[in-house]
Enquirer: 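Here it is: the structure, laid out below.
To find a chain, count down the sequence lines: A is the first, B the second, and so on, and within it residues start at 1.
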2 protein chains.
Amino acid sequence: MPRSLRADAQANQERLLDVAARVFAREGADTSLKAIAAEAGVGIGTLYRRFPTREDLVEATYRNETTRLCESAPRLLERHPPVEAFRAWMEDFVDYMLTKQGMSDALPAILATRDGLRLHSRQALGEAVETLLAAGIAAGRLRADGSASDVLMALGGITLISGHEHQRDLASRLISLLLDGLASRASAAAG
Amino acid sequence: MPRSLRADAQANQERLLDVAARVFAREGADTSLKAIAAEAGVGIGTLYRRFPTREDLVEATYRNETTRLCESAPRLLERHPPVEAFRAWMEDFVDYMLTKQGMSDALPAILATRDGLRLHSRQALGEAVETLLAAGIAAGRLRADGSASDVLMALGGITLISGHEHQRDLASRLISLLLDGLASRASAAAG
DNA sequence: ACAATAAGCGGAGGCGACTCCGCTTATGCA
DNA sequence: TGCATAAGCGGAGTCGCCTCCGCTTATTGT
């Protein structure tokens with residue numbers, strides 16, 4: 001079993017990603033996949049074989065940039081107190097998701113990924129949040145029982161609803177609310 | 001300009017809503033609208049004329065139940081302390097949204113409504129949250145600068161992400177986090 | 001070089017969303 | 001009761017999604 005694609009298939013895949021990046025930027029999130037396949041000079045069947053869902057194509061198209069976003073977390077922690085680094089990163093996250101065409105639509109699928117094609121982005125995001133949250137806890141500024149997974153989901157929810165509402169400011173206010181919740185002492189959480 | 005539909009149109013609309021409720025329950029959220037139209041004995045054009053988007057049809061189908069959910073808020077406040085009433089209502093909201101087929105998909109459209117077909121549900125939800133939040137503020141348990149609109153959006157975000165993740169528990173944890181954020185004193189919020 | 005074959009290709013076809021506009025009919029008025 | 005007409009109807013048509021499978025070709029071993 002070959003671990004890498006046949007040479008022609010590899011080239012087709014790269015061409016598809018190139019074209020997708022251009023077409024998403026030019027025509028928005030809901031371009032027809034057939035058009036992307038055509039512009040890449042492959043059949044629609046080839047596109048679907050390589051990227052079974054639209055979300056898979058979007059994730060792969062922006063994977064490098066997602067990685068870069070996630071890698072910025074440690075650098076933010078060097079330059080800011082943990083809570084402010086966390087806030088800054090979440091603001092960047094929202095900007096990124098709302099800017100890259102199709103990305104916020106794909107976000108639920110990316111966050112839900114447990115294995116497979118979209119795993120790379122999902123893991124990078126999880127690790128970035130984990131790092132930021134741990135720093136806040138270590139500094140005594142965030143509650144120790146906060147779960148990185150839950151925080152990532154909360155951020156996902158904030159992104160989704162802000163995107164649907166076309167209200168970027170809403171995201172900032174909800175991020176503040178989230179940080180307040182994470183900063184609150186355990187007292188309020190008892191069931 | 002007649003304020004009410006012609007008699008036959010009225011009957012068609014009612015039949016569509018009847019059928020939609022049954023078909024959504026029977027076949028889930030992504031049933032074909034053509035099938036609903038057919039089962040109601042009207043053409044697809046008629047369905048679209050009355051309900052221009054799927055979200056409009058879903059909202060109308062569940063409008064009565066949404067109203068009932070919203071009307072429960074004052075009763076919860078009679079029987080529970082404000083914060084617990086708020087929590088209970090939000091839990092009910094999530095259960096409702098995740099139970100009624102198609103409802104969570106329509107939620108973004110409902111929340112974004114400023115006027116038109118879906119306004120009824122949107123306003124009822126806004127008023128319920130307003131009531132609950134005001135009670136918490138009046139009791140000194142929630143921060144006075146909380147915006148009902150933002151809280152409704154936060155709850156919407158929680159519902160969306162929990163639904164996508166198929167994790168009902170996640171919603172409960174995020175509701176707690178939201179309430180913690182709303183309970184936090186202004187100290188943590190300063191920029 | 002040259003099979004043998006696994007890997008890959010691609011588009012026809014089936015389905016659903018949504019629009020558009022020529023046809024039908026309920027309604028109100030004389 | 002009958003006419004004029006606004007209101008409503010509905011399905012053909014267009015487009016995109018996604019699958020399926022018969023055809024093509026890169027690769028590998030000899």
Enquirer: Using a 4.0 Å heavy-atom cut-off, does T46(B) contact any base of the nucleic acid, only the sugar-phosphate backbone, or nothing at all?
Expert: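 Contact class for T46(B): base.
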Enquirer: Separation of L47(A) atom CG from dC17(D) atom P, in whole Å?
Expert: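 So the two atoms are 10 Å apart, to the nearest Å.
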Enquirer: Round to a whole Å and report the spacing from OH of Y48(A) to P of dC21(D).
Expert: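 Computing the Y48(A):OH to dC21(D):P distance gives 18 Å.
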Enquirer: Atom CG of L57(A) and atom P of dC18(D): how far apart are they, to the nearest Å?
Expert: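 From L57(A) CG to dC18(D) P: 12 Å.
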Enquirer: Would you call R118(A)-E55(A) a salt bridge at under 4.0 Å N-O?
Expert: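 No, R118(A) and E55(A) are not salt-bridged.
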Enquirer: Does the side chain of T113(B) come under 3.5 Å of the side chain of R122(B) through a donor N or O and an acceptor N or O?
Expert: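 No pair is found: no donor N or O on one side chain lies under 3.5 Å from an acceptor on the other.
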Enquirer: Rounded off to whole Å, could you give me the CZ-to-C1' distance for the R54(A) and dC17(D) pair?
Expert: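 Computing the R54(A):CZ to dC17(D):C1' distance gives 9 Å.
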Enquirer: For dC9(D), take OP1 and OP2 only and decide whether either is under 4.0 Å from a side-chain N or O of R50(B).
Expert: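 It does, given that an N or O in the side chain of R50(B) lies less than 4.0 Å from OP1 or OP2 of dC9(D).
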Enquirer: What pairs of residues pass the side-chain hydrogen bond (donor to acceptor under 3.5 Å, both in side chains) test when at least one of them lies in residues 151-165 of chain B, not counting sequence neighbours?
Expert: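 Sorted pair list: R114(A)-E165(B).
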Enquirer: May I ask you to decide whether D105(A) forms a salt bridge with R54(A), counting only side-chain N to carboxylate O separations under 4.0 Å?
Expert: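 Salt bridge: no.
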Enquirer: More 5' along DNA chain C: G45(A) or A35(B), using each one's nearest nucleotide?
Expert: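 Of the two residues, G45(A) wins.
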Enquirer: What is the distance, rounded to the nearest whole Å, between atom CG of D56(A) and atom C1' of dC18(D)?
Expert: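 Going from D56(A) (CG) to dC18(D) (C1'), I get 13 Å.
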Enquirer: Is there a donor N/O on one and an acceptor N/O on the other, under 3.5 Å, for the side chain of R49(B) and the base of dG10(D)?
Expert: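 Side chain to base: pair found, below 3.5 Å.
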Enquirer: If you measure from the Lys or Arg side-chain nitrogens to the Asp or Glu carboxylate oxygens, is any gap between R50(A) and D56(A) under 4.0 Å?
Expert: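 Judged by the 4.0 Å cut-off on N to carboxylate O distance, R50(A) and D56(A) do not form a salt bridge.
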Enquirer: Look at the side chain of S32(A) and decide which nucleotide, out of dG16(D), dG10(C), dG8(D), has an atom nearest to it.
Expert: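 From the listed options, dG16(D) comes nearest.
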Enquirer: Establish, from distance only, whether the side-chain atoms of R168(A) and S172(A) form a donor-acceptor pair under 3.5 Å.
Expert: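 Judged by distance alone, the side chains do pair up.
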Enquirer: Can you measure K34(B) atom NZ to dG14(C) atom P for me and round it to whole angstrom units?
Expert: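 Going from NZ in K34(B) over to P in dG14(C) covers 13 Å.
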Enquirer: At 4.0 Å (heavy atoms only), tell me whether T31(A) reaches a base, stays on the sugar-phosphate, or touches nothing.
Expert: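 Sugar-phosphate, backbone atoms only, no base.
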Enquirer: Rounded to whole angstroms, how far apart are CG on L16(B) and P on dG8(D)?
Expert: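 Answer to the nearest Å: 14 Å.
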Enquirer: Could you tell me whether the side chains of E14(A) and Q10(A) share a donor-acceptor contact shorter than 3.5 Å?
Expert: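 Their side chains do contain a donor-acceptor pair, which is all the 3.5 Å distance test asks for.
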Enquirer: If you compare every side-chain N and O of N12(A) against the phosphate oxygens of dC9(C) (OP1, OP2), does one of them come in below 4.0 Å?
Expert: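 Affirmative; the distance criterion is met.
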Enquirer: Reading nucleotides 25-30 of chain D 5' to 3', which nucleotides get B (base under 4.0 Å from a protein heavy atom), which S (sugar-phosphate only), which -?
Expert: BSS---
Enquirer: Take atom CD1 of I44(B) and atom C1' of dG8(D), then tell me their distance rounded to the nearest Å.
Expert: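 In whole Å, dG8(D) C1' lies 16 Å from I44(B) CD1.
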